[in-house]
Amino acid sequence: MTRRLLIVAHAPSPNTQRLREAADRGARHPDLDDIEVMVKAPLDAGPDDIRACDAILLGTTENLGYMSGALKDFFDRSYYAVLEEKQGLPCALYVRAGHDGTGTRRAVESIVTGLRWRWVQDPLILRGDWQDAFADQVEELGLYLAAGLDTGIW
């Protein structure tokens with residue numbers, strides 16, 4: 001049975017595009033058999049995409065101590081439309097934070113708590129100046145979420 005992983009990630013710069021690509025690469029690991037991956041920018045994703053997925057990976061930049069406006073827009077358009085039918089949806093988050101990422105994390109956690117989605121691990125906060133290791137960490141996160149789907153853990 002094919003399981004669907006939705007990656008919704010804001011990528012306004014070359015480095016954040018690298019992160020979104022890394023998440024996709026991890027989720028499409030060749031050892032995974034029955035995983036279909038959909039990658040969308042937040043402004044292109046909506047409730048129908050959430051309804052069609054079995055897990056979701058969110059990615060955002062830290063903008064003025066908050067999530068990106070694009071990710072907030074995604075939540076604004078999707079929240080009530082999926083509130084009742086997607087409770088328990090496995091999810092994960094990465095934040096590209098120029099500072100500490102706590103406000104961004106708190107904001108997304110608040111919305112996810114309201115949706116009653118289920119965290120598969122603590123949010124990944126990529127703090128400070130760009131490091132190439134950030135892409136490796138996000139790739140691992142994509143693989144982790146997809147492998148859990150593939151094996152039926154979530």
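Quantities reported herein were computed from a predicted structural model and do not represent experimental measurements.
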ILVMFWY cluster, Trp117 and Leu57 together (side-chain gap under 4.5 Å):
no
side-chain contact (heavy atoms from CB on, under 4.5 Å), that's the test. Do Leu83 and Leu115 meet it? Break it down for me.
CA-CA 5 Å; Leu83 179 60; Leu115 287 164; 4.3 Å; yes
To the nearest 0.5 Å, atom CD1 of Ile7 lies from atom SG of Cys53 at 11.0 Å
Once rounded to the nearest 0.5 Å, what's the spacing between atom CG of Leu124 and atom CG of Leu58?
12.5 Å
Heavy-atom distance under 4.5 Å between the side chains of Cys91 and Val120, does that happen here?
no
Any donor-acceptor pair under 3.5 Å linking the side chain of Lys40 with the backbone of Gly46?
no
Is the shortest side-chain heavy-atom distance between Pro47 and Asp49 below 4.5 Å?
no
Rounded to the nearest 0.5 Å, what separation is found between the OG1 atom of Thr113 and the CZ atom of Arg106?
12.5 Å
For the residue pair Ser13 and Thr16, confirm or rule out a side-chain donor-acceptor distance under 3.5 Å.
yes
Any side-chain heavy atom of Lys72 within less than 4.5 Å of one from Thr60?
no
For the hydrophobic clusters of this structure (ILVMFWY residues joined by side-chain heavy atoms under 4.5 Å, transitively), does one cluster hold both Ile50 and Leu71?
yes
Just so I know, are the side chains of Lys86 and Ile56 near enough to count as touching, which here means a heavy-atom distance under 4.5 Å?
no
Taking all heavy atoms of Gln131 and all of Arg127, pick out the closest pair and write down the distance.
NE2-O, 4.1 Å
Would you give the length of the straight line joining atom CG of Leu149 to atom CZ of Arg4, rounded to the nearest 0.5 angstrom?
11.5 Å
Specify the closest pair of heavy atoms between Ala135 and Ala22, including all atoms of both residues, with the distance to one decimal.
O-CB, 3.3 Å
Quick check for you: to the nearest 0.5 Å, what is the distance between Ile125 atom CD1 and Thr104 atom OG1?
7.5 Å
Show the nearest heavy-atom pair for residues Ala9 and Pro42, with the distance to one decimal.
O-CD, 3.4 Å
Under the ring pair (Phe, Tyr, Trp, His ring centres under 6.0 Å) definition, can you give me all pairs with a residue in residues 69-100, not counting sequence neighbours?
none
Do Met67 and Ile111 have side chains that get closer than 4.5 Å, going by heavy atoms?
yes
Spatial distance of atom CG (Asp54) from atom CG (Leu6) [nearest 0.5 Å]
10.5 Å
Spell out, yes or no, whether Val37 and Leu32 are grouped together once hydrophobic residues are joined by side-chain heavy atoms under 4.5 Å, including indirect joins.
yes
For a quick check under 3.5 Å, do Thr61 and Ser68 share a side-chain donor-acceptor pair by atom type?
no
Would you call Arg118 and Trp154 a side-chain contact if the rule is heavy atoms closer than 4.5 Å?
yes
Look at Glu36 together with Arg3 and state whether they make a salt bridge at an N to O cut-off of under 4.0 Å.
no
Going hydrophobic residue to hydrophobic residue with side-chain gaps under 4.5 angstrom, can you get from Met38 over to Leu5?
no
Where at least one partner belongs to residues 131-153, residue pairs that pass salt bridge (Lys or Arg N to Asp or Glu O under 4.0 Å), sequence neighbours excluded:
Arg18-Asp132, Arg25-Glu139
For residues Arg51 and Ala81, report the shortest heavy-atom separation together with the two atoms involved.
NH2-O, 3.2 Å
Can you tell me which residue among Leu141, Leu126, Val95 is in a side chain to side chain contact (heavy atoms under 4.5 Å, CB included) with Leu19?
Leu126
For Trp119, all residues meeting ring-ring contact (aromatic ring centres under 6.0 Å, His included), sequence neighbours excluded
none
Please tell me if the side chains of Ile35 and Arg28 come closer than 4.5 Å, counting only heavy atoms from C-beta onward.
no
Cluster question for you: counting only ILVMFWY and a side-chain heavy-atom cut-off of under 4.5 Å, with indirect links fine, are Leu93 and Phe134 together?
no
